[in-house]
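Worksheet: one structure, shown below.
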Amino acid sequence: MQVYEAGTGIGGTWFWNRYPGARCDVESLAYSYEFSKDLEQEWNWTERYASQPEILKYANHVADRFDLRRDIALETRVESAVYDEASGRWTVRTDRGDEVTAQYCIMATGCLSARNTPDFPGIDRYRGQHFHTGDWPEEGVDLAGKRVGIIGTGSTAIQAIPILAEESGHLFVFQRTPNFSMPARNTPMDPEYQARVKANYPAFRKPFISGMFGLDFNPNDRIGATATDAERRAEFEARWAAGGLGVVGAFADLFVNPEVNEAAADFIRGQICETVADPEVAELLLPDTPVGCKRPCADTDYFETYNRENVTLVDIRKSPIEELTEGGLRVNGCEYDLDAIVFATGFDAMTGALLRIDIRGREGRTLQGKWAEGPKTFLGLGVESFPNLFTITGPGSPSVLANMIPAIEQHVNWIADCITYMSGRGLARIEATEEAETAWVAHVNEIAHRTIYPTCNSWYVGANIPGKPRIFTPYLGFPRYVKRCDEVAASGYEGFRLEP
Ligand code: NA7
């Protein structure tokens with residue numbers, strides 16, 4: 001096995017996203033591997049929601065503990081992967097000039113790893129410091145006394161803004177779309193709670209794995225449509241007080257009934273108005289999309305930060321950023337002098353990392369060509385015309401709508417079992433069939449269209465990248481998905497063509 005990694009270290013998302021305030025909004029004890037019972041027992045998390053440095057430390061611990069580094073080539077970016085039909089092997093080329101062949105090629109390139117820096121006019125002219133949150137300098141950045149601009153108000157910015165406001169002289173937040181955010185209420189880990197979880201880890205993980213999102217939003221079976229206003233409010237309030245993303249689990253129909261969703265949205269808007277002192281600023285911060293339609297965020301003092309003297313919110317919805325200048329940027333004819341600009345502008349999600357590699361399958365077919373109108377996969381694991389290529393948390397799998405670590409483990413286990421099955425039977429080639437792929441893509445869409453998800457401009461539908469085909473790519477329903485994957489494996493990989 002040979003692993004290639006572009007970074008100077010391992011950890012992926014948690015290696016690159018070192019911006020101030022970076023933190024996971026899934027509970028630490030659940031955002032962890034379960035393949036090793038010893039690992040589960042020996043690692044101690046220090047906070048309810050782990051910070052980026054702690055998760056990176058965990059990833060490094062796992063690499064050392066299981067002696068994984070010897071197979072990993074760091075600072076090596078894969079440029080192309082080409083399938084040769086005659087030999088049945090993939091040839092992988094890297095930016096260091098390596099050229100290796102392999103029977104199987106597994107893309108573990110991540111759902112949110114291809115950074116998006118919008119092509120603002122004048123972007124090359126700007127002379128100040130500038131950073132993308134997904135490539136934050138390892139040594140950190142001294143912003144003391146500086147005038148700093150941050151573009152974007154997604155989950156990343158919502159975590160970074162409170163810290164940047166504390167660290168900088170003045171912070172200007174350039175907001176295109178206001179977002180729903182809920183207080184994380186992060187706390188130091190209670191050692192007794194951690195011990196109780198470790199005493200029966202499988203029982204702790206169960207609700208995470210059986211919930212629709214593979215996450216424990218403490219999902220409520222109750223239907224919101226039949227609850228009174230007072231009952232709804234009580235449920236939202238309890239969840240708001242508990243912290244985390246629980247408000248989106250308040251009622252079983254919150255993602256399918258617009259009226260119930262609107263009640264949750266109204267509740268959160270009310271909280272924002274109560275928190276933000278200046279009514280004009282509060283008004284600008286009120287989201288007008290359904291809750292959860294864009295990725296909901298968990299924060300620490302996000303809305304409170306707008307009460308600081310040194311924070312200015314600039315609405316760029318109606319008047320977009322006109323250009324970057326030598327000394328800052330211009331909006332609506334007004335120039336903002338900035339010593340530093342932070343691009344919290346997200347990622348070319350789900351497909352970006354794969355499509356930035358030149359991947360060629362049978363008959364020279366390119367993945368770029370095949371996915372020109374949107375990604376097509378079977379189970380988000382295999383792609384027709386691309387034999388022996390697997391995608392971990394690929395488009396069409398739950399991935400970003402699940403707890404990523406169990407979602408990744410489920411794919412790794414499925415792929416490992418598949419390869420074992422193949423070699424045990426003298427099989428050399430596996431490829432998704434066109435029929436299975438077409439039916440799966442239709443199924444992913446059909447499920448999504450029963451919900452509020454496709455109704456707003458999120459990265460789930462690719463709306464943040466100009467020109468990207470608008471397709472809802474993640475699969476909704478982690479438990480149903482796992483069952484389907486298990487059935488496919490048990491049936492001898494129905495939906496795939498297996499050949500000697
Ligand atoms: P997101 O959620 O994609 O947020 C990016 C933000 O940047 C969002 O507020 C965008 O506004 C804004 N943006 C993007 N392009 C522009 C342009 N051209 N002009 C102005 N503003 C722009 O990325 P994050 O990094 O916050 O989070 C990604 C995921 O990582 C997160 O959901 C977690 O799952 C982990 P928009 O909303 O598109 O109007």
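First listed ligand is number 1; within each ligand, the first listed atom is number 1. Since this is a predicted model, take the numbers as computed values, not measurements. The chain is numbered in sequence order, starting from 1.
Side-chain atoms of Thr76 come within 3.5 Å of backbone N or O of Leu74 as a donor-acceptor pair.
A salt bridge does not link Arg470 to Glu373: none of the charged side-chain nitrogens sits closer than 4.0 Å to a carboxylate oxygen.
Side-chain contact, His132 with Tyr19: no donor N or O sits under 3.5 Å from an acceptor N or O. No donor-acceptor contact under 3.5 angstrom links the side chains of Arg356 and Thr351, judged on distance only. Looking only at atom types and distance, the side chain of Asn179 has no donor-acceptor partner in the side chain of Thr153 under 3.5 Å away.
Remark: distances from the non-hydrogen atoms of Phe120 to ligand 1 include one below 4.0 Å.
Backbone and side-chain nitrogen or oxygen atoms of Arg295 are examined, and one is located within less than 3.5 angstrom of a nitrogen or oxygen of ligand 1. For Ile151, no nitrogen or oxygen atom sits less than 3.5 Å from a nitrogen or oxygen atom of ligand 1, counting backbone and side chain alike. Taking only nitrogen or oxygen atoms, main chain and side chain alike, Lys294 reaches within less than 3.5 Å of ligand 1. Ligand 1 has a nitrogen or oxygen under 3.5 angstrom from a nitrogen or oxygen of Thr153.
Regarding atom 23 (O) of ligand 1, its nearest protein heavy-atom neighbour is Gly346 CA, 3.2 Å.
The aromatic ring centroids of Trp43 and Tyr58 lie less than 6.0 Å from each other.
Residue contacts with ligand 1, taken as heavy atom pairs separated by less than 4.0 Å, involve Ser155 via backbone and side-chain atoms alike.
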